Amino acid sequence: MVALVNLISLPHKQATLIIDKPTLSRIHSMRGLLAVAVLSLLLSGCALSPQAITLTPQLQPGAYQARGQSISVSIQDQRANPVLGTRGGIYARTSNITLRNDVSQTLANSLGQALSRMGFQVQDYSSANVHMRVILDRLTYQASVKGVIQTVDLSNSIKVVIEQGSFTYTGQFATEKHHEFARIPDEQTNTRIINELFADTLNRALSDPKVRQALQR
(Lines give C-alpha, C1' and ligand atoms only; values in the text may rest on other atoms or scores of the structure.)
Protein backbone atom coordinates (compact mmCIF):
# COMPACT_ATOMS: atom_id res chain seq x y z
CA MET A 1 0.00 0.00 0.00
CA VAL A 2 1.34 3.45 -0.92
CA ALA A 3 0.27 7.02 -0.36
CA LEU A 4 0.47 9.69 -3.03
CA VAL A 5 1.52 13.19 -1.98
CA ASN A 6 1.38 16.06 -4.49
CA LEU A 7 4.53 18.16 -4.41
CA ILE A 8 4.15 20.73 -7.21
CA SER A 9 1.18 21.54 -9.39
CA LEU A 10 2.13 22.79 -12.85
CA PRO A 11 -0.19 23.83 -15.70
CA HIS A 12 0.35 20.58 -17.64
CA LYS A 13 2.42 18.38 -15.34
CA GLN A 14 2.18 17.16 -11.75
CA ALA A 15 5.07 15.84 -9.65
CA THR A 16 4.09 13.08 -7.25
CA LEU A 17 6.00 11.57 -4.28
CA ILE A 18 5.25 7.95 -3.49
CA ILE A 19 5.53 7.01 0.24
CA ASP A 20 5.08 3.43 1.36
CA LYS A 21 3.19 2.39 4.51
CA PRO A 22 6.26 1.71 6.74
CA THR A 23 7.58 5.20 5.99
CA LEU A 24 4.23 6.74 6.87
CA SER A 25 4.25 4.84 10.17
CA ARG A 26 7.71 6.17 10.99
CA ILE A 27 6.56 9.73 10.23
CA HIS A 28 3.55 9.40 12.54
CA SER A 29 5.78 7.90 15.22
CA MET A 30 8.22 10.81 14.96
CA ARG A 31 5.33 13.25 15.25
CA GLY A 32 4.21 11.52 18.45
CA LEU A 33 7.69 11.63 19.94
CA LEU A 34 7.98 15.32 19.04
CA ALA A 35 4.66 16.05 20.77
CA VAL A 36 5.82 14.22 23.90
CA ALA A 37 9.09 16.17 23.90
CA VAL A 38 7.30 19.49 23.52
CA LEU A 39 4.85 18.74 26.34
CA SER A 40 7.68 17.62 28.59
CA LEU A 41 9.56 20.82 27.86
CA LEU A 42 6.49 22.89 28.65
CA LEU A 43 5.98 21.10 31.97
CA SER A 44 9.55 21.54 33.12
CA GLY A 45 10.33 24.87 31.51
CA CYS A 46 7.56 27.19 32.63
CA ALA A 47 7.89 29.56 35.57
CA LEU A 48 5.60 28.64 38.47
CA SER A 49 4.33 30.87 41.24
CA PRO A 50 4.73 29.96 44.94
CA GLN A 51 1.82 28.47 46.87
CA ALA A 52 0.71 28.83 50.51
CA ILE A 53 -1.37 25.84 51.57
CA THR A 54 -4.12 26.10 54.19
CA LEU A 55 -3.87 23.13 56.53
CA THR A 56 -7.28 21.71 57.60
CA PRO A 57 -6.95 17.92 58.02
CA GLN A 58 -10.22 16.06 58.53
CA LEU A 59 -9.65 13.43 61.22
CA GLN A 60 -11.70 10.24 61.50
CA PRO A 61 -10.09 8.21 64.31
CA GLY A 62 -12.65 5.39 64.19
CA ALA A 63 -14.85 3.89 66.86
CA TYR A 64 -13.64 4.49 70.39
CA GLN A 65 -15.32 5.52 73.62
CA ALA A 66 -13.19 7.03 76.37
CA ARG A 67 -14.31 7.22 79.99
CA GLY A 68 -14.40 11.02 80.01
CA GLN A 69 -10.76 11.43 80.98
CA SER A 70 -9.38 14.95 80.80
CA ILE A 71 -6.60 15.41 78.25
CA SER A 72 -4.40 18.26 77.03
CA VAL A 73 -3.12 18.52 73.47
CA SER A 74 -0.02 20.34 72.30
CA ILE A 75 1.85 20.46 68.98
CA GLN A 76 5.55 21.14 68.45
CA ASP A 77 6.69 22.02 64.94
CA GLN A 78 10.31 20.83 64.78
CA ARG A 79 10.74 20.80 61.01
CA ALA A 80 14.19 21.90 59.89
CA ASN A 81 12.67 24.09 57.16
CA PRO A 82 9.22 25.73 56.92
CA VAL A 83 9.34 25.24 53.13
CA LEU A 84 7.79 21.91 52.11
CA GLY A 85 9.47 21.90 48.70
CA THR A 86 9.09 23.51 45.29
CA ARG A 87 6.63 23.10 42.43
CA GLY A 88 9.50 22.82 39.95
CA GLY A 89 9.80 24.82 36.76
CA ILE A 90 12.75 26.81 35.47
CA TYR A 91 12.74 29.03 38.56
CA ALA A 92 12.31 26.33 41.17
CA ARG A 93 13.73 28.46 43.95
CA THR A 94 10.86 30.92 43.63
CA SER A 95 8.05 28.32 43.42
CA ASN A 96 8.16 27.31 47.08
CA ILE A 97 5.29 25.58 48.82
CA THR A 98 4.65 26.63 52.43
CA LEU A 99 1.81 26.43 54.95
CA ARG A 100 -0.44 29.48 55.19
CA ASN A 101 -1.80 28.99 58.71
CA ASP A 102 -0.20 28.22 62.08
CA VAL A 103 0.52 24.49 61.91
CA SER A 104 0.72 24.06 65.69
CA GLN A 105 -2.62 25.73 66.42
CA THR A 106 -4.36 24.08 63.47
CA LEU A 107 -3.26 20.55 64.37
CA ALA A 108 -4.06 21.14 68.05
CA ASN A 109 -7.61 22.16 67.09
CA SER A 110 -8.06 19.17 64.75
CA LEU A 111 -6.72 16.72 67.34
CA GLY A 112 -8.77 18.28 70.12
CA GLN A 113 -11.97 17.89 68.10
CA ALA A 114 -11.13 14.27 67.27
CA LEU A 115 -10.38 13.44 70.92
CA SER A 116 -13.64 15.06 72.00
CA ARG A 117 -15.53 12.81 69.58
CA MET A 118 -13.68 9.86 71.12
CA GLY A 119 -15.07 10.76 74.54
CA PHE A 120 -12.23 12.75 76.10
CA GLN A 121 -12.58 16.11 77.80
CA VAL A 122 -10.00 18.41 76.20
CA GLN A 123 -8.61 20.85 78.74
CA ASP A 124 -5.53 22.96 79.29
CA TYR A 125 -2.35 21.36 80.59
CA SER A 126 -2.77 22.33 84.25
CA SER A 127 -6.29 20.82 84.45
CA ALA A 128 -5.78 17.59 82.47
CA ASN A 129 -4.81 14.16 83.78
CA VAL A 130 -3.45 12.93 80.44
CA HIS A 131 -1.12 14.95 78.23
CA MET A 132 -0.76 14.29 74.52
CA ARG A 133 2.08 15.93 72.64
CA VAL A 134 2.56 15.62 68.88
CA ILE A 135 5.92 16.58 67.40
CA LEU A 136 6.01 17.32 63.67
CA ASP A 137 9.38 16.07 62.44
CA ARG A 138 8.98 16.16 58.67
CA LEU A 139 6.69 17.45 55.93
CA THR A 140 8.16 17.44 52.42
CA TYR A 141 6.91 17.96 48.87
CA GLN A 142 9.02 16.80 45.92
CA ALA A 143 7.87 17.47 42.34
CA SER A 144 9.40 16.06 39.16
CA VAL A 145 8.51 15.47 35.53
CA LYS A 146 8.65 12.04 33.88
CA GLY A 147 7.81 12.34 30.20
CA VAL A 148 4.48 14.20 30.17
CA ILE A 149 3.55 13.08 33.69
CA GLN A 150 3.98 15.42 36.66
CA THR A 151 4.82 13.41 39.79
CA VAL A 152 4.60 14.55 43.40
CA ASP A 153 6.08 12.64 46.33
CA LEU A 154 4.89 13.62 49.81
CA SER A 155 6.38 12.62 53.14
CA ASN A 156 5.15 13.28 56.67
CA SER A 157 6.50 12.12 60.03
CA ILE A 158 5.26 12.79 63.57
CA LYS A 159 6.17 11.65 67.07
CA VAL A 160 3.38 11.09 69.60
CA VAL A 161 4.16 11.43 73.31
CA ILE A 162 1.52 10.56 75.92
CA GLU A 163 2.17 11.26 79.59
CA GLN A 164 0.11 10.33 82.61
CA GLY A 165 1.79 10.60 86.00
CA SER A 166 5.05 8.64 85.84
CA PHE A 167 3.97 6.78 82.69
CA THR A 168 5.22 7.90 79.25
CA TYR A 169 4.48 6.43 75.84
CA THR A 170 6.35 7.48 72.68
CA GLY A 171 5.48 6.37 69.16
CA GLN A 172 6.60 7.35 65.66
CA PHE A 173 4.21 7.52 62.69
CA ALA A 174 5.08 8.33 59.08
CA THR A 175 3.25 8.45 55.76
CA GLU A 176 4.59 8.64 52.22
CA LYS A 177 2.44 9.15 49.14
CA HIS A 178 3.12 9.20 45.41
CA HIS A 179 0.86 11.14 43.04
CA GLU A 180 0.84 11.42 39.25
CA PHE A 181 -0.89 14.19 37.30
CA ALA A 182 -1.41 15.02 33.64
CA ARG A 183 -0.62 18.66 34.43
CA ILE A 184 1.14 20.64 37.15
CA PRO A 185 -1.04 20.58 40.30
CA ASP A 186 -2.77 23.84 41.17
CA GLU A 187 -3.18 25.18 44.71
CA GLN A 188 -6.50 23.42 45.22
CA THR A 189 -5.01 20.04 44.30
CA ASN A 190 -1.94 20.53 46.47
CA THR A 191 -4.13 21.61 49.39
CA ARG A 192 -6.17 18.42 49.05
CA ILE A 193 -3.26 15.97 48.85
CA ILE A 194 -1.28 17.62 51.68
CA ASN A 195 -4.31 17.60 53.99
CA GLU A 196 -4.99 13.97 53.09
CA LEU A 197 -1.38 13.14 53.97
CA PHE A 198 -1.71 14.77 57.41
CA ALA A 199 -5.08 13.16 58.04
CA ASP A 200 -3.77 9.67 57.21
CA THR A 201 -0.83 10.05 59.60
CA LEU A 202 -2.89 11.43 62.49
CA ASN A 203 -5.77 8.97 61.99
CA ARG A 204 -3.34 6.07 62.08
CA ALA A 205 -1.83 7.41 65.28
CA LEU A 206 -5.23 7.81 66.96
CA SER A 207 -6.28 4.32 65.83
CA ASP A 208 -3.06 2.62 66.92
CA PRO A 209 -3.71 0.05 69.70
CA LYS A 210 -0.67 1.15 71.73
CA VAL A 211 -1.76 4.79 71.59
CA ARG A 212 -5.27 3.90 72.71
CA GLN A 213 -3.91 1.74 75.49
CA ALA A 214 -1.74 4.63 76.68
CA LEU A 215 -4.71 7.01 76.57
CA GLN A 216 -6.97 4.83 78.67
CA ARG A 217 -4.57 3.97 81.50
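A quick note: this is a predicted structure, and the numbers were derived from the prediction, not measured.
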Hey, is the main chain of Arg138 close enough, under 3.5 Å, to the side chain of Asn156 for a donor-acceptor pair?
yes
Has Thr151 got a side-chain atom pairing as donor or acceptor with Ser144's backbone, closer than 3.5 angstrom?
yes
Which heavy atom in Val160 sits nearest to a heavy atom in Ala205, and how many Å separate them?
CG2-CB, 4.1 Å
Just by distance, no angles: are the side chains of Thr98 and Asn96 close enough, under 3.5 Å, to form a donor-acceptor pair?
no
Atom CD of Gln78: over 12 foreign heavy atoms under 6.0 Å
yes
Given 3.5 Å as the limit, does a donor-acceptor pair link the side chain of Gln60 with the main chain of Gln58, or not?
no
Should Tyr141 and Leu99 be counted in the same cluster of Ile, Leu, Val, Met, Phe, Trp and Tyr side chains packed under 4.5 Å apart?
yes
How close do Asn190 and Gln51 get, heavy atom to heavy atom, and via which atoms?
ND2-OE1, 2.7 Å
Checking side chain to side chain contact (heavy atoms under 4.5 Å, CB included) for the pair Leu215/Ile162: CA distance, chi angles, key distance, verdict?
CA-CA 7 Å; Leu215 289 172; Ile162 299 172; 3.8 Å; yes
Can you check whether Arg183 reaches Thr189 side chain to side chain, under 4.5 Å on heavy atoms?
no
When you measure from the side chain of Arg117 to the backbone of Leu59, do you find a donor-acceptor pair of N or O atoms at a distance under 3.5 Å?
yes
Does the side chain of Val152 reach to within under 4.5 Å of the side chain of Pro185, using non-hydrogen atoms?
yes
Distance in Å, Thr191 OG1 paired with Ile193 CD1, rounded so as to fall on 0.5 Å steps:
9.0 Å
For a 4.5 angstrom cut-off between non-hydrogen side-chain atoms, does Phe120 reach Val130?
no
Smallest separation among heavy atoms of Arg212 and Pro61, with atom names
NH2-O, 2.6 Å
Partner residues of Gln105 under the side chain to side chain donor-acceptor pair (under 3.5 Å) criterion, sequence neighbours left out:
Asn109
Considering all heavy atoms, the nearest Ala143-Thr86 contact
CB-O, 3.7 Å
Is it true that Asp200 and Thr175 share a donor-acceptor pair across their side chains at a distance under 3.5 Å?
no
Using side chain to side chain donor-acceptor pair (under 3.5 Å) as the criterion, list what pairs up with Arg100, not counting sequence neighbours.
Thr54, Glu187
Rounded distance (nearest 0.5 Å) linking atom CG of Asn195 with atom OG1 of Thr56:
4.0 Å
In terms of hydrophobic clustering (I, L, V, M, F, W, Y; side-chain heavy atoms under 4.5 Å; direct or indirect links), are Ile53 and Val83 co-clustered?
no
Taking the side chain as everything from C-beta on, heavy atoms only, tell me whether Ile75 gets closer than 4.5 Å to Val103.
no
So does Gln213 have more than 12 non-hydrogen atoms from other groups sitting under 6.0 Å from CD?
no
For the residue pair Ser116 and Val122, what are the closest heavy atoms and their distance?
OG-CG2, 3.5 Å
Could you work out, with side chain to side chain donor-acceptor pair (under 3.5 Å) as the rule, every residue matching Ser207, not counting sequence neighbours?
none
Which residue pairs pass the salt bridge (Lys or Arg N to Asp or Glu O under 4.0 Å) test with at least one member in residues 152-168, sequence neighbours excluded?
Arg133-Glu163
Is it the case that one hydrophobic cluster holds both Leu197 and Leu55, taking links as side-chain heavy atoms less than 4.5 Å apart, direct or via other members?
yes
Could you grab the distance from atom CE of Met118 to atom CG of Leu206, nearest 0.5 Å is fine?
5.5 Å
Hydrophobic cluster identity match, Leu111 and Ile135, side-chain contacts under 4.5 Å:
no
Mind checking side chain to side chain donor-acceptor pair (under 3.5 Å) for Asn129 and listing every partner two or more places apart, or none if nothing turns up?
Ser70
Considering only heavy atoms from C-beta outward, does the side chain of Glu196 approach that of Leu154 to under 4.5 Å?
no
Residue set satisfying ring pair (Phe, Tyr, Trp, His ring centres under 6.0 Å) with Tyr125, at least two apart, ordered chain then number -> His131
Within the structure provided, determine whether Ile158 and Leu107 are in side-chain contact (heavy-atom separation under 4.5 Å).
no
Just so I know, are the side chains of Gln216 and Tyr64 near enough to count as touching, which here means a heavy-atom distance under 4.5 Å?
yes
List the steps, then state whether side chain to side chain contact (heavy atoms under 4.5 Å, CB included) holds for Met132 with Leu115.
CA-CA 10 Å; Met132 184 176 191; Leu115 289 167; 3.9 Å; yes
Is the closest basic N to carboxylate O distance between Lys210 and Asp208 below 4.0 Å?
no
Does a donor on one side chain sit under 3.5 Å from an acceptor on the other, for His178 and Glu180?
yes
So does Ser49 get a backbone contact from the side chain of Arg87, meaning a donor-acceptor N/O pair under 3.5 Å?
yes
Can you see which heavy atom on Ser110 is nearest to which on Pro57, and at what distance?
OG-O, 3.6 Å
